[in-house]
Amino acid sequence: MAKKGQEGFEDFFREYYGTRWDDLKSALAANDMKTLRKNIWVDFPTPKGLEQLSWLKDCFVKNSSYDDSFDRKLDENGLRYFYPMDPASVIVARSLNIADEGVVLDMCAAPGGKTLILFETMNGKGELFCNEVSRNRRDRLKSVIREYIPDRLREAITVKGIDGLQYGLQMKDHFDAILVDAPCSGEKHIIQAPSEVEKWSEKRTKRLAGLQFGLVCSALLALKSGGEMVYSTCSISPFENDGVLEKLEKKKGENFKFLPLEGEMYEKGERTKYGVLFLPDKCGFGPLFVSRIQKN
Ligand SMILES: C[S@@+](CC[C@H](N)C(=O)[O-])C[C@H]1O[C@@H](n2cnc3c(N)ncnc32)[C@H](O)[C@@H]1O
């Protein structure tokens with residue numbers, strides 16, 4: 001029988017994660033580890049009380065001598081200095097390899113932390129389409145772009161609000177690189193908001209896996225030949241991570257290949273069949289799953 005509610009949630013994840021589940025659940029219930037990621041478009045000396053993470057460029061952790069009011073300050077052009085992010089989110093956005101002058105799509109973009117990194121990687125060249133289907137979240141995305149990216153560079157960014165499923169039909173073979181940071185079950189949020197757990201069901205994670213499969217198929221169609229996609233979720237459900245990509249390999253395997261995830265930043269994660277999963281009981285941040293794909 002399909003599992004649901006508090007009891008189903010516990011059973012489902014205990015069955016999958018085994019004796020690890022209790023530790024993983026406690027780590028998911030704990031506060032997020034956020035780093036402060038420096039806005040590269042603002043030139044400023046590092047404030048006192050911040051320590052650079054040795055393995056993640058431009059990302060800092062606070063110590064007790066940091067003055068929190070700095071987070072709210074703006075520079076003379078009205079730009080913010082730091083964007084707080086989970087380190088795994090930084091890793092996901094930096095996983096997308098963007099060719100010079102590339103045309104890039106951030107398919108599920110709001111609130112926009114990864115958008116900022118994609119734009120930085122593009123170094124002011126090329127074109128970035130940021131898509132967000134929800135109107136409220138799209139407004140938040142627009143504010144983030146305004147608060148972090150200088151006026152003179154913003155014309156390279158187009159904010160769109162269509163269903164990600166439409167890109168494959170409407171903009172076939174159009175993009176050099178696509179980030180699909182897909183809507184997902186977000187079990188960390190479920191654990192931290194106890195009223196949410198009653199709404200959890202195995203059916204729901206399967207339904208989201210169906211939507212995610214649709215989004216990656218749409219992205220695959222929308223990529224140019226040789227173009228690259230990063231697929232990510234903040235789910236710990238096997239259906240929504242490797243499950244989606246297993247189905248993609250079965251149904252469309254002749255159209256793409258998986259690319260390796262190499263480098264120090266992946267070492268804190270755990271290898272799965274198709275990607276790397278960052279889980280907070282082991283590495284202290286996440287959860288986040290990331291995989292790289294190249295269209296043939
Ligand atoms: C995981 S969040 C994205 C987080 C974002 N990439 C960031 O780093 O700030 C997923 C987003 O996908 C949006 N979304 C949901 N269904 C969608 C669809 N069919 N097409 C495009 N976006 C969708 C949600 O509104 C949500 O904002």
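Nothing here was measured: the structure is a model prediction, and the numbers come from that model. All ligand and atom numbering here is 1-based and tracks the order in the structure.
Aromatic ring centres of Tyr83 and Tyr81: separated by at least 6.0 Å.
Close N/O approach between Pro111 and ligand 1 is found [any backbone or side-chain N/O within under 3.5 Å]. Considering backbone and side-chain N/O atoms, Lys114 comes within less than 3.5 Å of an N/O atom of ligand 1. Polar contact check, Leu215 against ligand 1: no nitrogen or oxygen pair lies under 3.5 Å apart. At a 3.5 angstrom cut-off on N or O pairs, Pro183 does not count as close to ligand 1. Taking distance alone, with nitrogen or oxygen atoms compared against 3.5 Å, Asp163 approaches ligand 1 more closely than that limit.
Counting protein heavy atoms only, atom 20 (N) of ligand 1 is closest to Gly164 N, 2.8 Å. Ranking protein heavy atoms by distance to atom 27 (O) of ligand 1, first place goes to Arg137 NE, 2.5 Å. For atom 14 (N) of ligand 1, the nearest protein heavy atom (residue, atom name, distance) is Val133 CG1, 3.8 Å.
No part of Cys184 comes within 4.0 Å of ligand 1, judged by heavy-atom distances. Residue Asn131 touches ligand 1 through its side chain alone, judged by heavy-atom distances below 4.0 Å. For Ala182, every heavy-atom contact with ligand 1 shorter than 4.0 Å involves the backbone, none the side chain.
Residue contacts with ligand 1: Leu165 is excluded, as none of its non-hydrogen atoms falls under 4.0 Å. For the pair Ser232 and ligand 1, no heavy-atom separation below 4.0 Å is found. Using 4.0 Å as the threshold, Gly113 has a heavy atom nearer than that to some atom of ligand 1.
Note: Tyr274 OH to Tyr231 OH = 13.0 Å, rounded to the nearest 0.5 Å.
With distances taken over non-hydrogen atoms, the option nearest atom 11 (C) of ligand 1 out of Arg138, Lys160, Glu132 is Glu132.
Within 6.0 Å of the CD atom in Glu7, the count of heavy atoms belonging to other residues, nucleotides or ligands does not exceed 12.
Put simply, the residue from Pro183, Ser185, Cys184, Ser89 that forms a side-chain contact (heavy atoms from CB on, under 4.5 Å) with Cys234 is Cys184.
A salt bridge links Arg80 and Glu147; the closest N-O separation between the charged side-chain nitrogens and carboxylate oxygens is under 4.0 Å.
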